[in-house]
2 protein chains.
Amino acid sequence: MRILLLEDEKELANALSAALNKHGIVTDHTMHLADAIELTRQHPYDAILLDRRLPDGEGLTLIPKLRRSGTDTPIIVLTARNEPLERVEGLETGADDYLGKPFLVEELLARLRAVLRRPSSLAEPGIAAGRMMIDSLHLNVTIDSMPLDLPRRELLVLVTLAKRKDKTVLRPTLEAAVYNYEEEIQSNALDAHISRLRKRLLDAGAGVTIHNIRGVGYLLKEE
Amino acid sequence: MRILLLEDEKELANALSAALNKHGIVTDHTMHLADAIELTRQHPYDAILLDRRLPDGEGLTLIPKLRRSGTDTPIIVLTARNEPLERVEGLETGADDYLGKPFLVEELLARLRAVLRRPSSLAEPGIAAGRMMIDSLHLNVTIDSMPLDLPRRELLVLVTLAKRKDKTVLRPTLEAAVYNYEEEIQSNALDAHISRLRKRLLDAGAGVTIHNIRGVGYLLKEE
DNA sequence: CTGCGAAGGTTGCAGCAGCATTACGGAGCT
DNA sequence: AGCTCCGTAATGCTGCTGCAACCTTCGCAG
């Protein structure tokens, strides 16, 4: 892990660098705001520690500059200016955390880790089918990122088929996905939905077709 | 934005709920650790506020449980136990931030926003939609940098839709974003908000429209 | 190859669930 | 007191959806 330290007090900076170093953290140090942008361009730091009072200005002013330049590196403000309103100011400017001096190195480390902790992304991949993208969790369907709106029952049919793309879905399984126990159907309502859905998919140029397997069920295929 | 508050002091909890509510944050409250896991399963909170001393145990013990159950929701510890070493302990346990009581609501808000701004968070700070810019953390809406002020509930609806621009938002999702589990609605209150919001957006020339998908939900589109 | 029965496809139609809009009054804030 | 916000309910409307009638396709056996 490598971080950038902006701090004007040489002694503190050296002590901090040494302490962090023992924890396996490499620290680059500068006391000039002007250097900071260039340094972040040269190296993608894991975090930035920022003093507010620096020889060439208020440290907080760096934050919007960095953000505008596209950096989303976590920033922790380290400062003696530790009044509640000043803390609010710091966080509102875009700092990820704010730590008043003096502080325990242990606390800084803990906050660093808290800031860096990146939980495993549970990003739902979404199902690609033909030219469609289907988000089965939120029930939306897009074609070339244009939303395609389908009536509820047709939507449920489509999602169910798409989840098992290229595999047969038994008719009772489909019915169960679209109707609950209370809603009984005594007709070919499901067939009707399939038919209407096919038409809509065709009109929209979805790039998929729904095949029937006689006596068994249905199957969604890409063209 | 909707958060879960674990706090045993009823008065503080109510006051905090009310204060956050005014800032457009919907709060669910419980004082039992045992409820927390179940509640997080029912609703994906944007953040969790956690007291350490709770009737059924130390609040911190909840954190590893939540993390093991796959929740990556940011957790802010709110507690009177505010010694440096206790703070370290809290952060090491996996809290994203640690705030000693008493605190200013302003600071809590700032820290909440800071935590939600982190890259791991799903919250997008600024959303462009039509001629609007929406700051989902501060709940500000501007049109050509002129502020547009909307009633709280309509604002929540708009932000929720804007966060998923061009994608359907299921009706229950929308309800959950606007009402907590104590506020039940037995009428078409949500529909009424949508209707009034539409009118306001039209009058303001926001450049977006809200579409309904029958039986499924709503969808915000740019014109 | 041809005929037959069953499964599936298509489509019009009527009923109704779901939505849009608006007025009204209570509650809360300044 | 005056204002806005917000939940409720009444009203009207749209179009989804189940149904049924009719048509097409498929599989199979003679």
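Here is the naming used below: chain letters follow the sequence lines, and residue numbers restart at 1 for every chain.
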Counting only side-chain N and O atoms of [X], is one of them less than 4.0 Å from OP1 or OP2 of [N]?
X      : N      : answer
B:Y179 : D:dG7  : yes
A:K199 : C:dT11 : yes
A:S195 : C:dG9  : no
B:H211 : C:dC19 : no
A:R152 : D:dC16 : no
A:Y218 : C:dG9  : yes

Once you round it to whole Å, what is the distance between [atom2] of [N] and [atom1] of [X]?
X      : N      : atom1 : atom2 : answer
A:R198 : C:dT11 : CZ    : P     : 12 Å
B:L170 : C:dC19 : CG    : C1'   : 16 Å
B:L156 : D:dG7  : CG    : P     : 11 Å
A:Q186 : D:dT17 : CD    : C1'   : 14 Å
B:I213 : D:dT17 : CD1   : P     : 12 Å
B:E154 : D:dG7  : CD    : P     : 10 Å
A:H193 : C:dT11 : NE2   : P     : 16 Å
B:N21  : C:dG28 : CG    : C1'   : 12 Å

For [X] and [Y], test the side chains for any donor-to-acceptor distance below 3.5 angstrom and give the result as yes or no.
X      : Y      : value
B:H211 : B:T209 : yes
A:H138 : A:D135 : yes
A:R111 : A:Y98  : no
A:S195 : A:H193 : no

Under 3.5 Å, is there an N or O donor on one side and an acceptor on the other linking the side chain of [X] and the base of [N]?
X      : N      : result
A:R214 : D:dT25 : yes
A:N188 : C:dA7  : no
A:R196 : D:dG15 : no

message: From the set C:dT10, D:dG7, C:dC19, return the single nucleotide nearest to any side-chain atom of B:N212.
response: C:dC19
query: Touch check for B:D191, heavy atoms < 4.0 angstrom, all strands: base, sugar-phosphate only, or nothing?
result: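 If one applies the 4.0 Å heavy-atom cut-off, B:D191 turns out to touch a base.
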- request: Map B:L150 and B:S187 onto DNA chain D by nearest heavy atom, then report which one ends up closer to the 5' terminus.
  value: B:L150
field: Taking every non-hydrogen atom, the tightest pair across A:A95 and B:R117
entry: O-NH2, 2.9 Å
- prompt: Is there a side-chain hydrogen bond (donor to acceptor under 3.5 Å, both in side chains) between B:D28 and B:Y45 once you walk through the steps?
  reply: CA-CA 9 Å; B:D28 287 345; B:Y45 293 103; 2.6 Å; yes
field: 5' precedence on DNA chain C between B:K22 and A:A192 (nearest-nucleotide basis)
entry: A:A192
